[in-house]
Peer 1: 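A single structure is presented below for examination.
Just follow the structure's listing: the first ligand is 1, and inside any ligand the first atom is 1.
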Amino acid sequence: MKRITALFLAAALLLVCGPAALAAEASDEAPVADAASLTPVAAEDNHRVFYEIFVGSFSDSDGDGTGDLRGVIDRMDYLNDGDDADGLSLGAEGLWLSPIFASPSYHKYDVDDYYAIDPAFGTEQDLKDLTDLCHERNVKVILDLVINHTGTGNPWFEAFAQAHRDGNTDDPYYDFYCYYTEGETPPAGRTFAKLAGTDVYYECNFSEAMPELNYDSEAVRQAVLDVAKYYLDLGVDGFRFDAAKYIYFADNERSAEFWKWYIGQLQAIDPEVYTVAEVWDADGITDLYYPALNCFDFTTAQKDGLIVQAAQAGNVDRYTSYVQTYLDRVHALNEDAMIVPFISNHDMDRAGGYLPSANGNMQMAANLYLLSSGSPFIYYGEELGMRGSRGGASTDANRRLKMEWGDGDTVRDPEGASYDHERVSATAAEQMADENSLYSYYKRLIMIRKANPAICRGEYTALPLEDTRAGGFMASYEGTTVMVLHNTTQDPVTINLADVTGLEITGINASIGMGAAALDGTVLTLDAQTSVVLGCA
Ligand SMILES: [Ca+2]
Ligand SMILES: [Ca+2]
C-alpha cells in the first residue's frame with residue numbers, strides 16, 4: 001500500500017508547510033503555527049475516529065467476491081498504517097465491524113452461532129490476527145453485537161422449538177424466546193409468527209427470521225453476557241449494540257435497565273471497554289440509556305440532520321449549541337459520556353448522494369462532525385464520496401455497495417443490490433494519488449483533529465457569534481484551549497475575536513476547507529467554506 005510513498009510524503013509536507021486550501025495564510029501580525037502544532041497525538045482513551053466496515057462489501061482477500069476479515073487486514077495500511085505523522089493513511093483510530101458471526105444472510109444481523117465466525121468472512125484466527133495488528137497500531141476493534149434477536153437456525157432457537165414441540169416446560173430453553181400460546185391474548189403492538197408443529201407464536205418484530213430473546217430469563221442474560229466475555233477475552237475492544245432499545249419491546253425504561261446491568265458486567269472485566277448503542281430515537285429517549293453507555297447521535301445524522309443542514313445553509317450555531325446542550329445533558333447522567341456523531345451508516349442513504357464534494361458541502365459536513373467533541377463514525381467509502389441509496393428498489397443492499405478500491409479488489413455488491421447510477425467520481429486508488437481528493441481531505445482533517453486533542457476531549461463551550469453565518473466552539477483540555485470556527489457559507493466572514501472571548505489568541509493551529517484563514521490582531525477573516533482551529537492562551 002506504499003506504492004506511491006513519494007507522492008504522499010509530498011502531500012504530507014504540503015500539509016505542514018501550508019497550501020492555500022489547507023493551512024492558513026499568515027499575515028504579518030499573526031503567526032501560522034509551525035509544523036510542530038500539527039504533530040498528531042496518539043489517543044489513549046475512547047475519544048477516537050471510528051470507521052464502520054460492512055465486512056462483506058469491504059475487501060475480498062480470496063477472490064470469492066465476498067469481503068472478509070483477511071480483506072480488512074490487507075487494507076490496514078489504508079485505514080491506519082501505524083504512523084500518525086506520516087500522512088500516508090486515513091488515520092482511523094477504531095474499526096466497527098458489521099456482524100461477523102455465522103448467519104444465513106449477507107448482512108448477518110440474524111446470528112445462528114455466536115461462537116463461530118461466518119466461514120464466508122474467515123476464521124477466529126483471522127479475527128485474532130486483525131485485532132493484534134490493530135492493537136500494534138493503536139486502533140480499537142469493536143464488534144457489532146446483535147442480541148435483541150437471533151437467527152432461526154441458532155441452536156438456542158432450535159432447542160426452544162424442540163422444548164415446545166415436546167411440551168417440556170423444564171427444558172432450560174423453553175423460555176429462551178418471547179412467545180404466547182394459542183388462546184392467550186398476544187401483547188399489543190408486537191409481531192409474532194407461528195412456531196411450526198406447536199401452538200406457540202414467537203415474537204419477531206424485525207422479521208420471522210429474527211426471533212426475539214426473552215430478557216426476563218436469567219439464562220438468556222447469562223448467555224449473552226458469555227458471548228461478550230468470550231470476544232473480550234479474544235482481544236476485541238468493545239461492541240456496537242444493535243437494536244438496543246428493543247430488548248424489551250416499547251419499554252425503554254426496562255431496556256435501559258438491562259443495559260445498565262450488562263455494561264456494568266463488561267466494565268468489571270475491562271473498565272475501558274468501548275460501548276455504543278443503536279437507539280434510533282429522539283434525544284429524550286437516548287438520555288434514558290446514557291447512564292449505561294453512549295448512544296449514536298441519530299438526531300444530527302442523515303440528509304435532514306443538523307450537520308448536513310449546517311454544512312449547506314450556514315447555520316452552524318444551531319449545531320454547536322445543540323452539541324453543547326447534548327453534552328451538558330449526558331454529562332449530568334454519566335461523567336464519562338461522549339457524543340457519537342456521524343452522517344450516515346449502513347441503514348441510511350449514502351451522504352455522497354446528497355452532499356456533493358464538488359461544491360464543498362461534503363467537506364463542510366466532515367469539518368463539522370470530525371472537528372468536534374466525542375467519537376465520530378465514518379461509514380466506509382464516505383471518504384471517497386461514495387453514493388448508494390435505497391431508491392425505487394427499496395433495498396438496503398444499495399446502501400452497502402462494494403468499496404470502490406479501483407485496484408482489482410474482487411469484492412462484489414451484496415445480494416439484492418440494484419443501484420445503477422454512478423457510484424463514485426474517483427476510486428480509492430485515484431483519490432490516494434490526488435492530494436486534492438476527498439480522501440486526502442479526510443486524511444488531513446483527521447490529522448488536524450489528532451494534533452489538537454482538546455477538540456474532541458475538551459470541555460465544550462459553544463460560541464455565540466454576532467455574525468451567525470459562522471459558528472464554533474471553544475474547548476479546554478489539560479491546560480490547552482482551542483477555538484474551532486466554521487464558515488460554511490459561500491462568502492468570507494470577518495470576526496473580531498475580542499468580541500467573542502477574552503482569551504488571547506496565540507495563532508492559527510490549522511485551517512481546512514475551500515479557502516484560508518487569516519488573523520490580523522484579533523480580527524479573523526475566514527474564507528467561504530473554511531474552518532479554522534485557533535490556539536488560545
Ligand atoms: Ca472472500
Ligand atoms: Ca426484544
Peer 1: Quick check: Y231 with F101 (ring centres under 6.0 Å apart)?
Peer 2: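 Ring centres of Y231 and F101 closer than 6.0 Å.
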
Peer 1: So, E212 and the Ca ion (ligand 2): N/O/S under 3.0 Å, yes or no?
Peer 2: yes

Peer 1: How wide is the angle at the Ca ion (ligand 1) between OD1 in D60 and OD2 in D68, to the nearest 10°?
Peer 2: 90°

Peer 1: Is the distance between the ring centroids of F258 and Y262 under 6.0 Å?
Peer 2: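 Yes; F258 has its ring centre under 6.0 Å from that of Y262.
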
Peer 1: What's the O-the Ca ion (ligand 2)-O angle here (Y246, I247), rounded to 10 degrees?
Peer 2: 70°

Peer 1: Is Y215 close enough to the Ca ion (ligand 2) that one of its N, O or S atoms comes in under 3.0 Å?
Peer 2: no

Peer 1: Is the gap between the ring centers of F157 and Y177 under 6.0 Å?
Peer 2: yes

Peer 1: Return the name of the atom in D64, of element N, O or S, nearest to the Ca ion (ligand 1).
Peer 2: OD1

Peer 1: Do any of the N, O or S atoms of T66 sit under 3.0 Å from the Ca ion (ligand 1)?
Peer 2: yes

Peer 1: Taking the six-membered ring for Trp, is the centroid-to-centroid distance between F160 and Y202 below 6.0 Å?
Peer 2: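 No.
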
Peer 1: Which atom, among the N/O/S set of D62, is closest to the Ca ion (ligand 1)?
Peer 2: OD1

Peer 1: Donor-acceptor pair, E203 side chain versus E212 backbone, under 3.5 Å?
Peer 2: no

Peer 1: Carefully, step by step, assess K108 and D118 under the rule salt bridge (Lys or Arg N to Asp or Glu O under 4.0 Å).
Peer 2: CA-CA 9 Å; K108 316 220 173 289; D118 194 286; 3.2 Å; yes

